[in-house]
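What follows is a single structure, written as structure tokens, with notes after it.
When reading the values below, keep in mind they use all heavy atoms of this one structure, side chains included, and skip hydrogens, waters and symmetry mates. One is the number of the first residue; the rest follow in order along the sequence.
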Amino acid sequence: MPKAKGKGRRHKYSYNLNRKRLYRSARRRAAPRIACSHIRHAWDPHKSVAQNLAEMGLAEDPNKAVPIPKKLVGMEVESDGPQLGKKIVRKPYVVNEMELEASLPEKKSNTLSRDLIDYVRYMIQNHGENYKEMARDEKNYYQDTPKQIKRKINVYKNFYPEEYKDFIASLKPEKMEVQ
């Protein structure tokens with residue numbers, strides 16, 4: 001069988017191409033990826049990373065910003081008072097906005113699916129606290145074990161405590177009417 005054209009040809013190395021310069025210029029042009037929007041808006045692409053962070057009042061290297069004192073046995077470390085060469089913070093609003101954002105309370109975003117809520121309510125309504133009976137129920141499509149069902153009910157109790165109490169309270173009159 002004949003070979004494909006050009007496969008056996010030797011590739012020539014171009015000695016006149018300066019690959020270091022090409023690589024360096026591509027690296028220099030790449031801007032850093034910044035996750036925080038406050039920092040992104042205050043970033044100056046014409047300055048270095050260290051200069052940008054110093055203007056915002058942020059530390060480039062946390063180990064240099066807050067040095068760990070070396071304690072010797074039996075000796076105490078003395079502080080040398082005010083540090084010389086304090087850097088001027090030109091953009092203090094960045095740190096202030098970040099602190100404000102960090103102090104906001106976090107939203108409780110975790111919820112349960114509607115299917116799981118309906119499943120748990122159905123099981124409690126028909127079987128009460130009998131988890132073995134719940135495991136044998138025909139609506140137990142995923143063939144959960146009694147412990148798995150108990151765990152799902154406990155998750156529902158923890159996520160919606162008021163709704164669970166109201167649901168249990170609404171079930172008690174129905175049981176009294178049946179008896």
Side-chain angles (χ1 to χ4, degrees), residues 26-71 77 79 87 89-179:
R27 261 185 46 220
R28 200 176 310 133
R29 269 187 255 122
R33 298 189 76 195
I34 304 167
C36 181
S37 63
H38 307 297
I39 296 174
R40 190 180 307 122
H41 292 300
W43 195 266
D44 187 0
H46 303 292
K47 294 182 180 176
S48 70
V49 174
Q51 289 172 339
N52 271 310
L53 292 175
E55 280 187 354
M56 293 177 212
L58 300 172
E60 178 189 15
D61 186 6
N63 294 325
K64 290 179 183 174
V66 184
I68 300 171
K70 295 180 181 177
K71 292 187 177 181
V77 179
S79 62
K87 295 184 180 179
V89 179
R90 292 192 178 131
K91 300 176 184 176
Y93 61 90
V94 175
V95 175
N96 295 338
E97 289 172 354
M98 289 173 68
E99 286 176 350
L100 181 71
E101 189 177 324
S103 68
L104 294 174
E106 192 174 323
K107 284 184 181 177
K108 190 176 182 183
S109 62
N110 42 1
T111 58
L112 297 177
S113 68
R114 190 73 233 164
D115 293 337
L116 182 63
I117 293 171
D118 293 340
Y119 172 76
V120 167
R121 292 180 75 144
Y122 168 81
M123 290 296 184
I124 294 172
Q125 190 172 5
N126 290 340
H127 305 291
E129 294 287 318
N130 192 346
Y131 300 111
K132 287 184 180 179
E133 200 175 304
M134 288 180 195
R136 284 191 232 106
D137 193 293
E138 63 182 16
K139 291 257 183 166
N140 184 7
Y141 300 125
Y142 297 111
Q143 297 183 352
D144 292 329
T145 63
K147 278 191 175 182
Q148 289 173 325
I149 295 172
K150 185 176 184 179
R151 202 174 304 125
K152 285 181 180 182
I153 291 172
N154 287 335
V155 167
Y156 175 70
K157 285 179 189 177
N158 293 336
F159 272 73
Y160 305 104
E162 293 87 19
E163 189 178 315
Y164 177 76
K165 287 177 187 173
D166 294 340
F167 178 65
I168 294 297
S170 70
L171 287 178
K172 287 184 181 175
E174 290 176 15
K175 288 185 179 179
M176 287 181 187
E177 291 172 10
V178 172
Q179 292 174 354

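The nearest pair of heavy atoms linking Ala42 to Lys91 is O-NZ, 2.6 Å. The minimum heavy-atom distance linking Ala135 with Thr145 is given by the pair CB-C, 4.4 Å.
To the nearest 0.5 Å, atom CD of residue Gln148 and atom OH of residue Tyr131 are 14.0 Å apart. Between the CD atom in Glu60 and the OG atom in Ser48 there is a gap of 7.5 Å [rounded to 0.5 Å]. In this structure, Lys152 NZ and Met134 CE are separated by 12.0 Å, a value rounded to the nearest 0.5 Å. Atom-to-atom distance recorded for Asn96:CG and Met56:CE is 13.5 Å, nearest 0.5 angstrom. The CE atom of Met123 lies 7.5 Å from the CG atom of Asp144; values are rounded to the nearest 0.5 Å. If you take NZ on Lys139 and NE2 on His127, they are separated by 10.5 Å, rounding to the nearest 0.5 Å.
Listed by chain and residue number, nothing satisfies the side-chain hydrogen bond (donor to acceptor under 3.5 Å, both in side chains) test with Lys150 (two or more places apart in sequence, or in another chain). In this structure, the side chain to side chain contact (heavy atoms under 4.5 Å, CB included) partners of Lys132, at least two apart in sequence or on a different chain, are Asn130, Arg136, Pro146. Partners of Arg114 by side-chain hydrogen bond (donor to acceptor under 3.5 Å, both in side chains), not counting sequence neighbours, listed by chain and number: Asp118. In this structure Ser103 satisfies the side chain to side chain contact (heavy atoms under 4.5 Å, CB included) test together with Leu100, sequence neighbours excluded. In this view, Glu106 satisfies the side chain to side chain contact (heavy atoms under 4.5 Å, CB included) rule with no residue, not counting sequence neighbours.
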TODO: Evaluate side-chain contact (heavy atoms from CB on, under 4.5 Å) for Ile39 paired with Leu58, printing each intermediate quantity in order.
DONE: CA-CA 10 Å; Ile39 296 174; Leu58 300 172; 3.8 Å; yes
Task: Residues Ile124, Ile168; criterion side-chain contact (heavy atoms from CB on, under 4.5 Å); working and verdict - done: CA-CA 9 Å; Ile124 294 172; Ile168 294 297; 3.9 Å; yes
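Between Tyr119 and the choices Ile149, Asp137, Ile153, the side chain to side chain contact (heavy atoms under 4.5 Å, CB included) rule is met once, by Ile149.
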Acceptor/donor pairs from residues 159-166 side chains to any protein atom, 3.5 angstrom cut, sequence neighbours excluded:
from: Tyr160; atom 1: OH; to: Leu112; atom 2: N; distance (Å): 3.4
from: Glu163; atom 1: OE2; to: Arg121; atom 2: NH1; distance (Å): 3.4
from: Glu163; atom 1: OE2; to: Tyr156; atom 2: OH; distance (Å): 3.0

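Counting non-hydrogen atoms of neighbouring residues, nucleotides and ligands closer than 6.0 angstrom, the CZ atom of Arg40 exceeds 12 such neighbours.
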